Peer 1: 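My questions all concern the structure below.
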Amino acid sequence: MDCIFCQIASGNIPGDMVYQDEEVIAFRDINPQAPVHLIIIPRRHIPSLAHLSEADSALIGRMVAIANQLAKGEGVADKGYRLALNCGKEGGQLVPHLHLHLLGGRRLSGRLG
Ligand code: 5GP
Ligand code: ZN
């Protein structure tokens with residue numbers, strides 16, 4: 001498997017980890033777009049949002065709950081932050097392993113694209 005995020009999840013490639021459990025991990029983005037920029041992923045390789053099944057609803061819910069906890073830990077919860085899920089080429093997804101961006105620590109643009 002040559003997926004970069006699977007390799008981070010398995011420990012083959014180092015990541016600046018901020019959270020790990022049996023199902024989900026989170027690490028700092030290598031090219032941060034804001035003072036706080038975390039990537040939250042399922043350990044399981046799911047290529048994109050478009051590949052989710054109904055059985056994955058709880059997993060996505062957990063990823064959002066973990067992101068909210070991390071936002072608190074990073075000190076951005078009160079001022080505000082953004083969670084983003086990009087899907088496919090035109091949605092701005094470069095890494096084909098489902099991931100949630102957590103951005104915060106500066107005033108983010110209101111523009112979405
Ligand atoms: P996308 O554009 O697919 O939604 O976002 C992919 C994100 O993953 C980008 O923000 C990029 O900086 C980050 N990224 C890509 N490769 C690596 C890596 O090897 N390590 C880490 N920590 N982040 C990465
Ligand atoms: Zn993967």
Side-chain angles (χ1 to χ4, degrees):
M1 175 65 79
D2 58 1
C3 168
I4 190 103
F5 285 177
C6 280
Q7 303 233 39
I8 291 174
S10 68
N12 286 346
I13 290 180
D16 189 353
M17 293 294 168
V18 293
Y19 178 87
Q20 302 192 55
D21 68 28
E22 64 289 339
E23 213 179 16
V24 175
I25 66 169
F27 49 89
R28 293 192 194 280
D29 197 291
I30 205 167
N31 181 24
Q33 303 299 306
V36 175
H37 188 171
L38 305 183
I39 300 285
I40 298 104
I41 67 167
R43 286 186 184 274
R44 178 160 60 94
H45 183 82
I46 302 172
S48 80
L49 273 182
H51 296 79
L52 287 175
S53 73
E54 202 151 335
D56 297 319
S57 301
L59 173 64
I60 298 303
R62 287 202 63 231
M63 287 169 61
V64 170
I66 289 163
N68 285 340
Q69 282 304 318
L70 290 168
K72 277 187 199 156
E74 295 287 322
V76 298
D78 289 341
K79 283 194 165 174
Y81 54 99
R82 178 173 298 163
L83 300 184
L85 280 163
N86 299 330
C87 180
K89 231 179 221 166
E90 291 206 351
Q93 182 183 9
L94 292 174
V95 176
H97 180 130
L98 179 73
H99 52 279
L100 182 59
H101 295 261
L102 164 58
L103 294 151
R106 69 168 168 85
R107 180 68 180 246
L108 298 165
S109 154
R111 295 187 59 223
L112 289 177

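Since the model is a prediction, treat every value here as computed from it, not as a measurement. In what follows, every heavy atom counts, from backbone to side chain, and hydrogens, waters and symmetry copies are set aside. Indexing begins at 1, ligand by ligand and atom by atom, following the structure's order.
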Peer 1: Give the contacting part of Ile30 toward ligand 1: side chain, backbone, both or neither, where contact means a heavy-atom distance below 4.0 Å.
Peer 2: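 For Ile30, backbone and side-chain atoms both sit under 4.0 Å from ligand 1.
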
Peer 1: Under 3.5 Å, N or O to N or O, is Phe27 touching ligand 1 that way?
Peer 2: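 No - when backbone and side-chain N and O of Phe27 are compared with those of ligand 1, no distance drops under 3.5 Å.
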
Peer 1: Report the part of Leu94 (side chain from C-beta onward, or backbone N, CA, C, O) that has a heavy atom under 4.0 Å from ligand 1; answer both or neither where that applies.
Peer 2: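 Looking at Leu94 and ligand 1, atoms from backbone and side chain both fall under 4.0 Å.
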
Peer 1: Determine whether the aromatic ring centres of residues His101 and His99 are separated by less than 6.0 angstrom.
Peer 2: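 Yes, close enough.
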
Peer 1: Just to be sure I read this right, does ligand 1 sit under 4.0 Å from the backbone of Gln33, its side chain, both, or neither, counting only heavy atoms?
Peer 2: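 It is neither; nothing of Gln33 touches ligand 1.
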
Peer 1: Nearest protein heavy-atom contact for atom 1 (P) of ligand 1: which residue, which atom, what distance?
Peer 2: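 The closest one turns out to be His99 NE2, 3.1 Å.
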
Peer 1: Could you check atom 8 (O) of ligand 1 against the protein and tell me its nearest heavy-atom contact, residue, atom and distance included?
Peer 2: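 Among all protein heavy atoms, the one nearest atom 8 (O) of ligand 1 is Phe5 CZ, 3.4 Å.
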
Peer 1: Among all protein non-hydrogen atoms, which one is nearest to atom 10 (O) of ligand 1, and what is the separation to 0.1 Å?
Peer 2: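 Of every protein heavy atom, Asp29 OD2, 2.5 Å lies nearest to atom 10 (O) of ligand 1.
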
Peer 1: Looking at ligand 1, is there an atom of it that comes within less than 4.0 Å of some heavy atom belonging to Ile8?
Peer 2: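 Yes, Ile8 has a heavy atom closer than 4.0 Å to ligand 1.
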
Peer 1: By the definition side chain to side chain contact (heavy atoms under 4.5 Å, CB included), identify the one residue from Leu102, Asp29, Asn31, Ile30 that meets it with His37.
Peer 2: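 Per the side chain to side chain contact (heavy atoms under 4.5 Å, CB included) rule, the option paired with His37 is Asp29, out of Leu102, Asp29, Asn31, Ile30.
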
Peer 1: Is any side-chain N of the basic residue among Arg44 and Asp56 closer than 4.0 Å to the acidic one's carboxylate O?
Peer 2: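 Counted as a salt bridge, because a side-chain N and a carboxylate O are separated by less than 4.0 Å.
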
Peer 1: Would you check the N or O atoms of His101, main chain and side chain alike, for any that come under 3.5 Å of an N or O of ligand 1?
Peer 2: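 Between His101 and ligand 1, an N or O pair is found under 3.5 Å apart.
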
Peer 1: Which heavy atom of the protein is the closest neighbour of atom 22 (N) of ligand 1, given with residue, atom name and distance?
Peer 2: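 Heavy-atom neighbour on the protein nearest atom 22 (N) of ligand 1: Arg28 O, 2.9 Å.
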
Peer 1: Can you pull out the closest protein heavy atom to atom 19 (O) of ligand 1? Residue, atom name and distance to 0.1 Å, please.
Peer 2: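 Of every protein heavy atom, Ile4 CG1, 3.5 Å lies nearest to atom 19 (O) of ligand 1.
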
Peer 1: Is it true that Gly92 lies under 4.0 Å from ligand 1, counting heavy atoms only?
Peer 2: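 A heavy atom of Gly92 does come that close to ligand 1.
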
Peer 1: So, Arg43 and Glu23, do they make that salt bridge, N to O below 4.0 Å?
Peer 2: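 Not counted as a salt bridge, because no side-chain N and carboxylate O are separated by less than 4.0 Å.
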
Peer 1: Tell me, which protein residue and heavy-atom name are nearest atom 15 (C) of ligand 1, and how many Å apart are they?
Peer 2: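 I find the closest protein heavy atom is Val95 CG2, 4.0 Å.
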
